[in-house]
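Lettering follows sequence order; numbering is per chain, from 1.
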Amino acid sequence: MHISEGVLSPAVLGAGAALAALGVATGLKRLDYDRLMTVAILSSAFFVASLIHVPIGPASAHLVLNGLLGVMLGWAAVPAIFVALALQALLFQFGGLTVLGVNTFTMALPPVLCFYAFRPMLSGPSRLRGGAAFACGFLSVGASALLTAAALALSGEEFSAAARALLLAHVPVMFAEGVVTALVVSFIARVRPEMLAFTSTAHG
Amino acid sequence: MLDEPFSRGASRLHLADPRCKLVAALAFAVCAALLRSPGPAALALLTGAALCLWARLPLPRLLRRLAAVNVFVAFLWLFLPFSLPGAPLLRIGPFPGLPDWLAPNWLSLTATDAGVAQALLVTLKSNAIVLAFIALAGTSDITAVGHAVARLGLPDKLALLLLFTWRQLHVVAQEYHRLRTAAKVRGFTPGTDLHTYRTYANMAGMVLVRSFDRAERVGQAMRLRGFAGRFHMLAEPAGRPGDRLLAAVIILCAAALLAADILQPLAGLP
Amino acid sequence: MSTATTPPNSGQPHNCAHAHAHDHAHGHGHPHPHPHSHSDDDATPPLAAVQDIHFTYSGSAEPVLRGASLALRPGRRIGLLGHNGSGKSTLLHLLMGLLRPQSGRVLHRGVPLVSETRKTREADFVPLRREVGFLFQNSDDQLFCPTVLEDVAFGPLNHGASPAEARAVAEATLERLGFAGFGSRVTHRLSGGEKKMIALAAVLAMQPQALLLDEPTNDLDPHTRDRLIAILAAHSPTHLIISHDWDFLAHTCDSFLTVQDGAVRTATHTPHTHVHTHTGGDVHHHHG
Amino acid sequence: MSTATTPPNSGQPHNCAHAHAHDHAHGHGHPHPHPHSHSDDDATPPLAAVQDIHFTYSGSAEPVLRGASLALRPGRRIGLLGHNGSGKSTLLHLLMGLLRPQSGRVLHRGVPLVSETRKTREADFVPLRREVGFLFQNSDDQLFCPTVLEDVAFGPLNHGASPAEARAVAEATLERLGFAGFGSRVTHRLSGGEKKMIALAAVLAMQPQALLLDEPTNDLDPHTRDRLIAILAAHSPTHLIISHDWDFLAHTCDSFLTVQDGAVRTATHTPHTHVHTHTGGDVHHHHG
């Protein structure tokens with residue numbers, strides 16, 4: 001899912017960096033100091049969850065859970081994902097400085113959209129919760145894969161085949177993400193329902 | 001998993017001010033990312049390797065990290081050679097002996113010199129940037145990098161978020177590791193089934209719930225020590241003299257590579 | 001499961017007075033033979049054993065274990081002593097295959113799982129883990145299902161039981177431990193003592209031949225502690241317990257080992273008397 | 001800070017023998033007056049106090065505290081006993097303003113912070129929290145800064161010290177506790193014992209008048225435990241310690257309270273003797 005350094009065109013890198021900067025700035029502005037520690041602790045939990053590899057047939061994929069992260073953190077998800085990607089770059093050298101912007105944008109835009117689309121359904125006493133949670137996981141990973149593929153395809157004609165293959169490879173991952181997100185939400189709803197009502201930002 | 005194998009060492013690069021190293025790493029990465037021809041890209045790779053050599057990084061671990069990075073590069077090698085027009089180097093198909101449904105026309109591919117050159121360029125650039133990044137950013141521990149981020153003038157909230165996330169990551173990771181161990185002891189073997197997915201979801205959910213509860217306790221601990229909505233940073237001692245010079249030299253090298261890349265076609269060189 | 005049988009060469013069970021009682025004296029007037037020795041030459045191989053284990057945690061200079069050996073034989077009820085950091089928990093983790101030693105052997109019914117000559121794979125430990133149940137020190141690390149029933153059914157499900165079978169086993173186990181009707185409770189909201197008992201139920205539901213218990217009485221209220229003693233007496237013929245709680249060990253074990261200087265030794269039966277007078281004698285306390 | 005002074009009406013400090021020693025006897029041959037009573041009519045008001053507290057956790061049917069009162073006076077070194085779930089930690093959280101009681105009062109030097117007649121705000125507790133330091137049961141909850149120096153300087157910085165002052169105070173505190181040179185260490189790489197000591201340093205750097213310690217010896221190796229006893233003897237004239245570790249309390253406290261049935265009671269000085277004979281007497285153990 002992470003594009004490595006040295007692949008994308010300057011225009012795509014620049015646009016990604018600018019959009020990510022805008023998102024991070026918005027997220028930080030809405031995050032007050034009182035909730036900063038809570039957001040940090042939840043981000044570390046999401047980071048650890050993303051280290052879980054679930055088997056999908058003969059292959060395996062690591063969890064992303066970025067849709068759920070977005071539902072819980074709102075706009076604060078953008079700086080949280082930026083930090084997580086920076087830590088991944090420092091720890092595992094996945095991604096890197098120049099692609100940090102593009103990767104942040106592709107991973108963080110769907111969660112913010114999920115926040116507006118699914119938050120009411122997940123935190124309310126809704127019968128739709130399971131379906132909404134599945135959609136949240138399924139769509140956010142799908143949208144991230146789509147944006148990543150777009151970033152590749154926009155970098156040059158020669159990348160379009162790779163971009164299509166990347167998108168195709170993510171279809172089983174989308175289903176796995178949807179199922180696991182629905183199960184995680186059901187776990188939280190049963191064990192600690194207050195958590196689904198947590199707001200990380202002062203206004204939305 | 002969460003260790004920082006390259007951060008311990010006593011080389012000149014290890015001792016340098018992380019601010020200078022970060023700026024140098026960023027400049028190098030940007031310049032290298034803009035390269036378009038293999039010559040300067042190869043030189044960039046050499047520069048990255050030289051920096052790693054200077055930092056005396058442990059080679060086996062370095063190679064293991066590089067291998068992980070090159071998984072994406074290898075994925076691109078499956079497509080790039082066949083995706084640009086040029087002089088054919090290798091032809092796969094068409095398969096006249098096989099029925100059409102087994103080997104349709106579009107399966108016949110042609111690798112071109114331009115396609116291979118593009119794949120090679122991406123490989124060189126990617127590895128060059130990663131090597132320089134490990135040598136420059138990896139030789140400070142993440143705590144030092146977080147402080148450097150704040151002192152470089154980036155928003156302090158961002159630096160605090162990085163530092164606190166990193167601090168808590170270890171607590172949460174240990175917690176998850178213990179949960180996984182407990183599942184293993186009770187005979188859990190993952191497979192592609194709902195039981196496996198449910199188990200992983202429960203573990204992820206438990207990690208989240210316990211983190212949420214911990215956030216409450218940490219918040220209390222902060223309030224008891226007088227926290228009132230404002231973090232105060234301690235002043236850090238300045239870096240060693242010469243660190244800025246070091247950064248400047250690396251940035252100049254990177255800029256020179258970029259200049260060579262731009263001027264090369266103008267000079268009519270191959 | 002049958003109740004504990006006293007192994008032929010073990011010591012007398014310590015039927016010592018309960019900690020509530022004052023002026024109790026328990027112990028042996030006479031020194032008697034070692035109740036347990038890991039070089040026993042019984043005919044049948046032990047259920048599980050470690051032999052001449054050396055282990056150092058990565059990143060640490062100091063080895064934790066230097067030639068430790070231990071054997072768990074059916075019918076043995078062993079108390080394992082030693083101060084914090086002496087390597088007791090490490091030893092149990094090595095026995096269960098959760099850690100790999102730098103040298104030494106781990107055996108299951110005489111079959112080596114870890115040895116100098118073979119490459120150990122995770123799957124090798126599956127049969128041993130089926131037969132030996134492990135109760136973790138911190139119940140929170142062991143309980144990750146939303147409800148009690150799901151947690152207790154987790155082990156049977158992993159061992160291939162159908163959902164209906166697993167549910168039946170889980171319900172029967174809960175009832176046997178006196179927690180009938182707890183099935184639908186949310187595990188995370190249980191009290192510390194309840195969590196410990198549910199964690200034990202989850203282990204017992206796998207019908208192990210033997211139990212390893214790591215500090216089971218930490219943070220237990222006196223009522224739950226008494227209940228645990230009764231359950232172990234009724235349902236655990238073979239076990240090894242790490243504990244600081246002397247009184248608990250005296251109630252549940254009949255031989256005693258200790259980890260000292262990285263090796264397992266027989267805890268010698270030196271009778272020594274603490275005359276112990278203190279305030280708060282009306283408050284329940286363990287001499288643990 | 002000065003060393004401990006014995007308050008006028010407190011009991012004799014228990015200079016009991018160390019747990020290593022065998023055949024030690026300590027205690028009082030005669031019953032003597034209660035060393036502490038929360039209805040003391042001293043002239044000066046206590047540093048901090050709770051009065052007639054009733055408290056039930058939300059979502060729980062059972063009240064934890066039903067009329068609990070407790071006063072912390074300068075020079076007192078109180079051990080607080082009671083089994084798990086009895087409400088000891090809850091009481092300390094109420095005293096520090098981390099929880100609000102359903103009824104009852106919380107006072108700081110005689111000034112009510114919580115009472116029936118006033119609306120309590122978070123800021124009301126700032127002066128009390130400046131004077132009373134709280135050591136959490138789990139050090140990881142308390143050490144949230146990336147480096148040791150930042151963590152120890154966190155309190156002083158919040159109390160308005162300049163970065164240079166805070167750094168100086170933090171370094172001096174670390175040196176005082178024998179952790180000079182630890183400042184640049186990364187918190188998450190510390191051992192469990194080190195974390196506990198750094199958390200204590202972080203509390204002491206705020207120069208509190210009194211300390212509340214919640215189960216400080218859980219999971220502490222014997223060396224760190226001894227070090228903690230020495231530090232408390234040298235630097236903590238007034239404190240209240242929740243612990244199950246009797247031996248630790250005997251070394252660090254001179255009066256003992258207990259929470260029973262939702263109320264605080266004086267732990268009566270009933271001398272009672274345990275004649276305690278057991279195996280493994282050669283292994284270090286606490287009668288804690």
Measure distances from [X] to the heavy atoms of chain B and classify the residue's part below 4.5 Å as side chain, backbone, both or neither.
X: D:Val186; value: side chain
X: D:Ala164; value: neither
X: D:Phe144; value: both
X: D:Leu149; value: both

inquiry  = Heavy-atom pairs under 4.5 Å with chain D: which of B:His147, B:Arg167, B:Arg217, B:Arg223 has the most?
reply    =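 The answer is B:Arg167.
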task = Write out, in numerical order, the residues from residues 89-106 of chain D with a heavy atom short of 4.5 Å from a heavy atom in chain B.
result =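 Within residues 89-106 of chain D, near chain B: D:His93, D:Met96, D:Leu98.
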key: chain D contact via B:Val171 - side chain, backbone, both or neither, heavy atoms under 4.5 Å   =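 Only the side chain of B:Val171 comes within 4.5 Å of chain D.
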Audit row: D:Phe154, B:His232, side chain to side chain contact (heavy atoms under 4.5 Å, CB included) steps and yes/no = CA-CA 8 Å; D:Phe154 182 80; B:His232 309 266; over 6 Å; no
ask   = In Å and rounded to the nearest 0.5 Å, what is the CG to NE2 distance from D:Asp140 to B:His170?
value =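 With rounding to 0.5 Å, CG (D:Asp140) is 11.0 Å from NE2 (B:His170).
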task = Name the orientation class of the two ring planes belonging to D:His188 and B:Trp166 (parallel below 30°, tilted from 30 to 60°, perpendicular beyond 60°).
result =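 Correct class here is perpendicular.
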request  = Determine the minimum heavy-atom distance between D:Arg189 and B:Ser7, stating which atoms define it.
outcome  =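 Looking at all heavy atoms of both residues, the shortest contact is NH2-OG, 4.4 Å.
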Smallest separation among heavy atoms of D:Pro146 and B:Thr143, with atom names =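 So the minimum-distance heavy-atom pair works out to CB-CG2, 3.5 Å.
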task = Kindly indicate, with the supporting measurements, whether the criterion salt bridge (charged side-chain N to carboxylate O under 4.0 Å, His left out) is fulfilled by D:Asp151 and B:Arg225.
result = CA-CA 10 Å; D:Asp151 225 302; B:Arg225 279 155 71 197; 2.9 Å; yes
query = Can you find a pair of side-chain heavy atoms, one from D:Phe125 and one from B:Leu224, that are under 4.5 Å apart?
reply =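 No. Closest side-chain heavy atoms not under 4.5 Å.
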Atom CZ of D:Arg227: over 12 foreign heavy atoms under 6.0 Å =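 Count over threshold, so yes.
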request  = Please indicate whether B:His177 has more than 12 foreign heavy atoms, meaning atoms of other residues, nucleotides or ligands, lying under 6.0 Å from its NE2.
outcome  =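 No, the 6.0 Å shell around NE2 holds no more than 12 heavy atoms from other groups.
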task = Show your reasoning for whether side chain to side chain contact (heavy atoms under 4.5 Å, CB included) applies to D:Leu157 and B:Phe231.
result = CA-CA 9 Å; D:Leu157 281 172; B:Phe231 287 97; over 6 Å; no
inquiry  = Would D:Phe134 and B:Gln220 count as a side chain to side chain contact (heavy atoms under 4.5 Å, CB included) here? Give the steps.
reply    = CA-CA 10 Å; D:Phe134 189 106; B:Gln220 288 179 340; over 6 Å; no
inquiry  = At a heavy-atom distance under 4.5 Å, which candidate from D:Val203, D:Thr147, D:Leu143 has the highest pair count against chain B?
reply    =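 If we count pairs closer than 4.5 Å to chain B, D:Leu143 comes out on top.
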